Amino acid sequence: MNTPDYKALFDSSPELLLIIDANLTIISATCAYLKAVNKLDQAIEGGNIFDLFTNEAAHETIGGSIDNIRASLKRVLKDKTDDTSTIPFYSVEKPGAAIKLKHYRLTHSPGLTESGNIKYITQRLEDVTEIETLKALVERKIKSIEQIAASEKRYYMMLMKSPFAFCIMKGEDLVITLANDLMKDFWGKGRDVEGKTLLQVLPEVEDQPFPGMLLSVLKTGTPVYVNEILARLKYQDKMEIRYFNIVYQPYHEEDGAISGVTTIAYDVTELVTSRNKIEESEHRYQEMIFSSPSLIAILKGKEMIIDIANDAILETWGKGKNVIGKPLLTALPELVGHGFDDLFNGVYTTGQPHYAYEMPVYFLRNGQKELSYYTFIYQAQRDTGGNINGVAVIGREVTPEALLNQKIKESEELFRKLLDTMPQIAWTNTTDGEITFYNQRWYDYTGLDHKQTNLLGCKTVINPDDLQIALNEYRSIRETSDGGEFQIRGKSADGSYRWHLIRLMPIKNNNGEVQLWIGTATDIQELKLLQQQKDDFISIASHELKTPITSLKASLQFMNRIKDTPTNIMLPKLIVQANESLDNVIVLMDDLLNASIANEGQLHINKKLLNLSEIIEECCPHVRAEGIYTIKTEGNMDVEVYADAARIDQVVINFVNNAIKYASDSKEIRIVIERVNDLAKVSVIDTGPGIPPDKLLHLFDRYYRVDSSGSQYSGLGLGLYISAEIIKKHNGQIGVDSELGKGSTFWFTLPVA
């Protein structure tokens, strides 16, 4: 393209551009610039820049604008860098029009030689009068034209580096003769586009309005301006939607003939997309409000004008949409005198939200006042400047819940009265452990009043030696959510301590979730004394019984030494069996002592690596020798544990003895060994009559003996109690499963090795 082409393009540029040399002599100016300074019909080349600004009223400068221009040029000549300032002056847009005050952003840009000297200065004026509405677009898309040269190279570089996309297309085929990089980026078809037609580069626009608009400008010479026009462009075989602001202007040759079209385009996709998202968000916001089941209204100004009210709240009010625009208390006079205006004014004045729970409200419906209950939130609404301009009311009807809560309160009151009649101390706990109520028995026993109870709490009543145990047990029970019990000593009003059985039981909802804990403390002081007396008796009885049994063992040991010379060939076997049986008897006698030792926490365990099946196969020789009952071991025969062999043998013997004692008709006793996760489980199974459910909870208590059909069985009821203590020392668990008529399964678990 020749220099006149660039000169014509420069002259027709919409930019307000003036080029001067280092002596401030005018080289050239765009038509738009000359029009802005009212010099469109005058020759200005060769004149001084300040000749452009005369004292004519049409473009008289204001408040030192000339001084600002001079100062800016001095800085450019000194610093050889761009300088920007803002100048105001009066201008006439066209002859006969009114004088308007214009504001322009003035930018001076120096063009430097290779040696760094100023060769020319470009002055650009930008009309920023409407900058507030156009600022976002101007800041993103309009940049300074940094260099304008008098030569072809200067014009070319100016256009190619322009911040707007442009191109020139000539002829009816719309052959691209020039396109800057930004336009090529918009097209997305590479850099080699010059010499090709528009449809060769962008075949996808054939059915879009762009070719028609270009040909219209080419034929009529009338520019076309379109904003936010949708374009479907193909990028890497994928169609994308983009939006552009486009200016199509006729391209004139030197003789004035129109030979092509100049295109200037701005990509406004981001702007349009953002606005669409905002509009979509606002639409969703409106939909959310009006389709919400919640009661929503927005009241504007101090007069509480109903600005928005969704269908739900209109239905609740019993009103139609004609209340929109009316003050709230005018539309709903039945609310006058119920404090709504005070609530509104409080939020409107302070900006602090207000919450109202189960608030009783009378609404006039069908000529009748109806009482309902509502939960409301009053939230201040603010304008874009942060000033409060209204109040949003969001609520929901909670009449059924409110009536139910009233019944619950009445039920709670009755419940507390019932607890006050109990002979035990009783209280209630939240799921977080907070005690919310004590019955009267607490105050009678402790001598504390309500204030002292709130200040001191239950910890001052519990014996210091039992306090940590109580806290641990209390925490452990609450973690299981199944309830439990433990024993502590509690201080009475006279300062003495008495033993109490503490029971905690959960109150659960229909989903099995704990809602409340109820605790009771039962005085068991006398029971503890009787228990201690039993312990003393067992200790004495064990010591007394052990002496003759030990003597008997010594005699049997002597017989064992002479077993090789008996006259009866069965004597050696009988002696061995008697000796083994006597050892077991001694173990049982030791258990009588162990019952007392276990109660004091002194039961000792000597753990070793053991194979459970080996212990079980060797246990119960007395039963196997009789030949009446069959003991069958099955399951996992390879499970190993760290345990005390003698103690585990003792537990299995107790289980087998109980099976024989209480299920004598069940001739086969099964012992099953299992591995369940990280635990070894041993189960002793019989097919006897089973154990009644009310007995199961007490089987492992001291001295407890099951009676079946009125029959009393021998023994002091220590076997299962000691077995439970042994398993507890091994960090295992013990239990029983039984069903009447089908038998019982006594089991224990141990951690595997």
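Small disclaimer: the values here were computed from a predicted structure and weren't measured. For this chain, numbers begin at 1 and follow the sequence in order.
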Taking the ring of Phe244 and the ring of Phe186, is the distance between their centroids below 6.0 Å? yes
So, [X] versus [Y]: side-chain donor-acceptor pair below 3.5 Å or not?
{"X": "Asp83", "Y": "Ser72", "answer": "yes"}
{"X": "Glu253", "Y": "Ser259", "answer": "yes"}
{"X": "Asp267", "Y": "Thr269", "answer": "yes"}
{"X": "Arg275", "Y": "Tyr243", "answer": "no"}

Return yes if some donor-acceptor pair links the side-chain N/O of [X] with the main-chain N/O of [Y] below 3.5 Å, else return no.
{"X": "Lys184", "Y": "Arg191", "result": "yes"}
{"X": "Lys170", "Y": "Val261", "result": "no"}
{"X": "Lys196", "Y": "Asp192", "result": "yes"}
{"X": "Asn310", "Y": "Ser294", "result": "yes"}
{"X": "Thr122", "Y": "Ile19", "result": "no"}

Taking [atom1] in [X] as the centre, count heavy atoms belonging to other residues, nucleotides or ligands within less than 6.0 Å. Is the count above 12?
{"X": "Glu172", "atom1": "CD", "value": "no"}
{"X": "Lys300", "atom1": "NZ", "value": "yes"}
{"X": "Asp255", "atom1": "CG", "value": "yes"}

For residues Tyr225 and Ile246, determine if any side-chain heavy atom of one lies less than 4.5 Å from a side-chain heavy atom of the other. no
Answer yes or no: is there an ion pair linking [X] with [Y], defined by an N-O contact shorter than 4.0 Å?
{"X": "Lys326", "Y": "Glu303", "result": "no"}
{"X": "Glu204", "Y": "Lys189", "result": "yes"}
{"X": "Glu126", "Y": "Arg124", "result": "yes"}

Asp79 meets the side chain to side chain donor-acceptor pair (under 3.5 Å) criterion, sequence neighbours left out, with none
Cation-pi, Tyr374 ring and Arg396 (6.0 angstrom, 45 degrees): no
In terms of the angle between their ring planes, are Tyr378 and Phe376 parallel, tilted or perpendicular, with boundaries placed at 30° and 60°? tilted
